[in-house]
2 protein chains.
Amino acid sequence: MKHLHDFGESEEMYLKTIAELASKQDPIPVTWVAERLGISTVSASEMIHRLENRRLLEHTPYKGVCLTDEGRRRANTIIRRQRLWECFLTDKLAITWDHVHDLACRLEHATDSMVTEALADYLGHPTTCPHGNPIPSTEGEMPPPEGIPLGDLTPGEGGVILRIHPVSALLLRHLAEKRIEPGKEIEVREIAPFDGPQSILIGDEMHVLGREVAAHIMIQPNTETLGSRKLMEILG
Amino acid sequence: MKHLHDFGESEEMYLKTIAELASKQDPIPVTWVAERLGISTVSASEMIHRLENRRLLEHTPYKGVCLTDEGRRRANTIIRRQRLWECFLTDKLAITWDHVHDLACRLEHATDSMVTEALADYLGHPTTCPHGNPIPSTEGEMPPPEGIPLGDLTPGEGGVILRIHPVSALLLRHLAEKRIEPGKEIEVREIAPFDGPQSILIGDEMHVLGREVAAHIMIQPNTETLGSRKLMEILG
DNA sequence: ATGGATTATTAGGCAAACCTAATATATAAT
DNA sequence: ATTATATATTAGGTTTGCCTAATAATCCAT
């Protein structure tokens, strides 16, 4: 039974979402996946079983899901497509960086490997997307993540924004409004008590960021400002 | 009930297909639509009813379907998207013209008007796709069709290929192999008896084309070679 | 170790787009 | 006018991907 539709789109969204969440924790609770995709845990559970049968992931009940090598490769291929389209949309079509995530997400499912590679050629094989995130290789390998979350810095510490985890369009628009962008210098000035919001300095402007937001901004820390304990952590 | 899927894709395919067929006849038999989309007449009939309820077309039983103004506008918008993507794929990504039709067809459904117009800007507002077909305006208006079918020419007559109706990937590949492309000079040499295939000369090569194929190649006739009867027809 | 919260599964449904088989209706051709 | 052919509709079924409500299994914290 043929459909004019591409029903594989859902599968791709699941794999991509799981891969994105996997950078935070492993294995990933099914609840997170459901929430991120905006669907019920029942539906997520069902689909995860289907993906498990196809050996794209492994599910340990009450723990979460882990992608298999094949699953991760597939996920990274999709992420590669999305990020290349993001580059195209910003660099060539002059669409602002806070809009391209959602637009590219729609294009990615309509793109085969032939177009993907032609696009990569055309763009000059960029290594990061407009949000600063690395672009996986043709073979589906993701470069190791860099930077530490802004949320982990304490007052006085700072650095340059490496990348922004593109969780939602709202987050990106929120940051774009405040002109908080990859490549910019940022410094933590204050943290409200009881693990409250951070006050940060960017350019000559001060802003207050919630913990959830700060967790998605990845920083290349400025070593001079860094406490020695944190330095140890980073250097290994 | 939200879906990760875009269920509007089918609707878009129906409208586009009907608009494309409408250049041949009006109203269009539902059978033609079903056949072109590769689905049963029952399914086509169902969907056509749905589209009729939404005032996108009108169906006269045992006659066929006509798009309403709104339906045609929508169809042309979709065709605009597809043809712009075709330009992008050939001009920028260097993908051969016989491949771009299907690839662009997938991208068109994932493209909103913002991206469409940015793409048109970027490409320098091309007026025809790589197959020579006109690109509808932003407002969804299709320029009047030009040229006459190669199949209508008789031996001795010829002209330049204006455009090729992109019915199927197979047809395009067939023509690409023989290097029968828009812009090229072509001449009919012979027609086999009983409305048989045409022998044509293109460059310094002779080829034999079936009636079905010849009907989809649109020619700007070379007036010197043309019989006077046909001349009258064309000039009105 | 036990109770409360989290996580999983089962059961039953819905909508979109397809399908086949059978039937009804209109057009066209004799 | 009748009949054969083409077209349309009805009935019943499938798959994918989602839903809610209810139940079952496990984890964790006291």
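Just so it is clear: chains get the letters A, B, ... in the order the sequence lines come, proteins before strands, and each one is counted from 1.
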Within the structure, does a side-chain N or O atom of [X] lie under 4.0 Å from either OP1 or OP2 of [N]?
X	N	value
Ser45(B)	dA8(D)	no
His5(B)	dA15(C)	no
Arg50(B)	dA17(C)	yes
Ser43(B)	dC19(C)	yes

Legend entry - Closest-nucleotide 5' rank along DNA chain C - winner of Thr31(A) and Leu4(A): Thr31(A)

Inset, instruction - With DNA chain C as reference, determine whether Lys63(B) or Val42(B) sits nearer its 5' end, using the nearest nucleotide of each. - result: Val42(B)

Inset, instruction - Measure the NE2-CG distance between His109(A) and Leu107(B) for me, rounded to the nearest 0.5 Å. - result: 12.5 Å

Over how many whole Å does the gap from [X] atom [atom1] to [N] atom [atom2] extend?
X	N	atom1	atom2	result
Arg54(B)	dA16(C)	CZ	P	10 Å
Lys2(B)	dT20(D)	NZ	P	11 Å
Leu37(B)	dA17(C)	CG	P	13 Å
Glu9(B)	dA17(C)	CD	C1'	12 Å
Ile28(A)	dA8(C)	CD1	C1'	18 Å
His49(B)	dT9(D)	NE2	C1'	7 Å
Phe7(A)	dA16(C)	CZ	P	12 Å
Glu35(A)	dC19(D)	CD	P	13 Å

Legend entry - Pair Arg73(A) + Glu141(A): basic N to acidic O under 4.0 Å: no

Inset, instruction - State plainly whether the residues Arg36(A) and Glu20(A) are in salt-bridge range, i.e. N to O under 4.0 Å. - result: yes

Which of these nucleotides, [options], is closest to any side-chain atom of [X]?
X	options	result
Val30(A)	dA8(C), dC19(D), dC19(C)	dA8(C)
Ile39(B)	dC18(D), dC18(C), dT9(D)	dC18(C)
Ser40(A)	dA8(C), dA17(C), dC19(D)	dC19(D)
Glu46(B)	dC19(C), dT9(D), dT16(D)	dC19(C)

Legend entry - Test item: Leu153(A) and Ile148(A) side chains (from C-beta on) under 4.5 Å apart, heavy atoms: yes

Legend entry - pair Thr128(B)-Asn133(B): side-chain heavy atoms closer than 4.5 Å: no

Inset, instruction - Using a 4.0 Å heavy-atom cut-off across all strands, classify Ser10(A) as base, sugar-phosphate, or nothing. - result: sugar-phosphate

Legend entry - Sugar-phosphate only, base, or nothing, as touched by Thr41(A) at under 4.0 Å among non-hydrogen atoms: nothing

Legend entry - Among Leu175(B), Val167(B), Leu150(B), the one residue meeting side-chain contact (heavy atoms from CB on, under 4.5 Å) with His216(B): Val167(B)

Inset, instruction - Spell out yes or no: do the side chain of Tyr62(A) and the base of dA25(D) have one donor N/O and one acceptor N/O closer than 3.5 Å? - result: yes

Legend entry - First encountered from the 5' end of DNA chain D, between Met47(A) and Pro61(B): Pro61(B)

